[in-house]
Amino acid sequence: MELTTERLHLVPLGTAHFITAHRYASDPENTRLMLFLPTADEADSMQYLAEREAQWQTQPQMIFEFAILLDGVHIGSVSLDRLEPPCTGELGWIVDKHYWGHGYAVEAARAMLPLAASLGMERLIAHCDSENHASRRVMEKLGMKLAGISGGRKNRSSGELRQECLYVLELSPHIALSPNCHGKKNT
């Protein structure tokens, strides 16, 4: 599965993206406010990429993570995870700091919305550190609404407890729902 936007090409993330993914995923500045990053070392990055690559072969597929390509250059990744209940998905993204500020995260994440709808998702959520103003702007540009701020977040690069924002986007009620959401379809 591949997706194309006005400026970006999204392809399944995997081990072929190791060098560029490790560069941004292990960079302390790039990942300062991330929950599960930075990666500890090259082996940690490779293991993550191998797991994501394997997800593309599972049935039912629960994680859809794409490498974001700009003019053929890998600049980040965007993901859509199926959650329980099955009508909910979670969006996530990371962009190499050398490409920040150009709207690439918004564009890539927006490409996930039709995919989520095709999978029968009714709502999408996304989380970020309360101080991650760039991610908060991405969520707001996607039309997501702040649903709450809670404590207890511990980012991988920090020993301090922090606050986490939860954003929610209700997808169109006219989207055909999968039977495992409510057992019916909207018309």
Residues that Q59 engages under side chain to side chain donor-acceptor pair (under 3.5 Å), provided they are two or more places apart:
none
Mind checking whether Y24 and H98 have ring centres under 6.0 Å apart?
no
Give, for atom CG of L80 and atom CD1 of I63, the distance between the pair rounded to the nearest 0.5 Å.
10.0 Å
For S150, the side chain to side chain donor-acceptor pair (under 3.5 Å) test, sequence neighbours excluded, returns none
Could you tell me whether a side-chain N or O of H9 sits under 3.5 Å from a main-chain N or O of V11, the two making a donor and an acceptor?
no
Any chance the rings of F66 and W93 have centres within less than 6.0 Å?
no
Set out, in order, the CA-CA distance, both residues' side-chain angles and the distance that settles side-chain contact (heavy atoms from CB on, under 4.5 Å) for L91 and S79, then state yes or no.
CA-CA 6 Å; L91 288 173; S79 64; over 6 Å; no
Could you pull out the closest heavy-atom pair between V138 and A105, with the gap in Å?
CG2-CB, 3.9 Å
Excluding I19, membership of its hydrophobic cluster (Ile, Leu, Val, Met, Phe, Trp, Tyr; side-chain heavy atoms within less than 4.5 Å) reads L13, F18, M46, Y48, L49
Can you pull out every salt bridge (charged side-chain N to carboxylate O under 4.0 Å, His left out) where at least one residue sits in residues 135-151? Sequence neighbours excluded, please.
none
Verify same cluster id: L161, I149 (apolar side-chain graph, 4.5 Å):
no
Using modelled atom types and a 3.5 Å cut-off, is there a donor and acceptor pairing between side-chain atoms of T58 and backbone atoms of Q55?
yes
Residue pair A126 / M144: nearest heavy atoms and the distance that separates them:
N-CE, 3.7 Å
Side chains of L10 and T4: closer than 4.5 Å at any heavy-atom pair?
no
One should read off an interatomic distance between L83 CG and I125 CD1, to the nearest 0.5 angstrom, of 5.0 Å
Linking I/L/V/M/F/W/Y whenever any side-chain heavy atoms sit under 4.5 Å apart, do V73 and L69 land together?
no
Value for CD (E90) from CG (D81), rounded to nearest 0.5 Å, stands at 6.0 Å
Rounding to 0.5 Å, atoms CD1 (I75) and CG (L8) come to a distance of 5.5 Å
Please answer: with hydrophobic residues joined when any side-chain heavy atoms are less than 4.5 Å apart, are I68 and L142 in the same cluster?
yes
Y167 and V78: same hydrophobic cluster, using ILVMFWY side-chain contacts below 4.5 Å?
yes
Counting only heavy atoms not in E6 (residues, nucleotides, ligands), do more than 12 fall under 6.0 Å from its CD?
no
Could you see if L113 belongs to whatever hydrophobic cluster contains M139? Use Ile, Leu, Val, Met, Phe, Trp, Tyr and a side-chain cutoff under 4.5 Å.
yes
For residues 103-131, pull every pair meeting ring-ring contact (aromatic ring centres under 6.0 Å, His included), keeping only residues two or more places apart or in separate chains.
H102-Y104
Is a side-chain donor or acceptor of W100 paired with a backbone partner of V95 at a separation under 3.5 angstrom?
yes
What closest approach, in Å, do S45 and H22 show between heavy atoms, and which atom pair accounts for it?
OG-ND1, 2.6 Å
State, yes or no, whether a side-chain contact exists between L115 and M1 at a heavy-atom distance under 4.5 Å.
yes
Quick one: does any side-chain atom of R82 pair with a main-chain N or O of Q61 as donor and acceptor, under 3.5 Å?
yes
Looking at P12 and E2, what are the two nearest heavy atoms and their distance?
CD-CG, 4.2 Å
In Å and rounded to the nearest 0.5 Å, what is the CG to CE distance from L171 to M121?
9.0 Å
Can you give me the closest heavy-atom contact between V168 and A147, atom names plus distance?
CG2-CB, 3.7 Å
State the CG-OG1 distance between D96 and T20, to the nearest 0.5 angstrom.
8.5 Å
Scan for salt bridge (charged side-chain N to carboxylate O under 4.0 Å, His left out) pairs involving residues 47-59, sequence neighbours excluded, and state none if there are none.
R52-E65
Ignoring hydrogens and geometry, is there a side-chain-to-backbone donor-acceptor pair from N132 to S135 under 3.5 Å?
yes
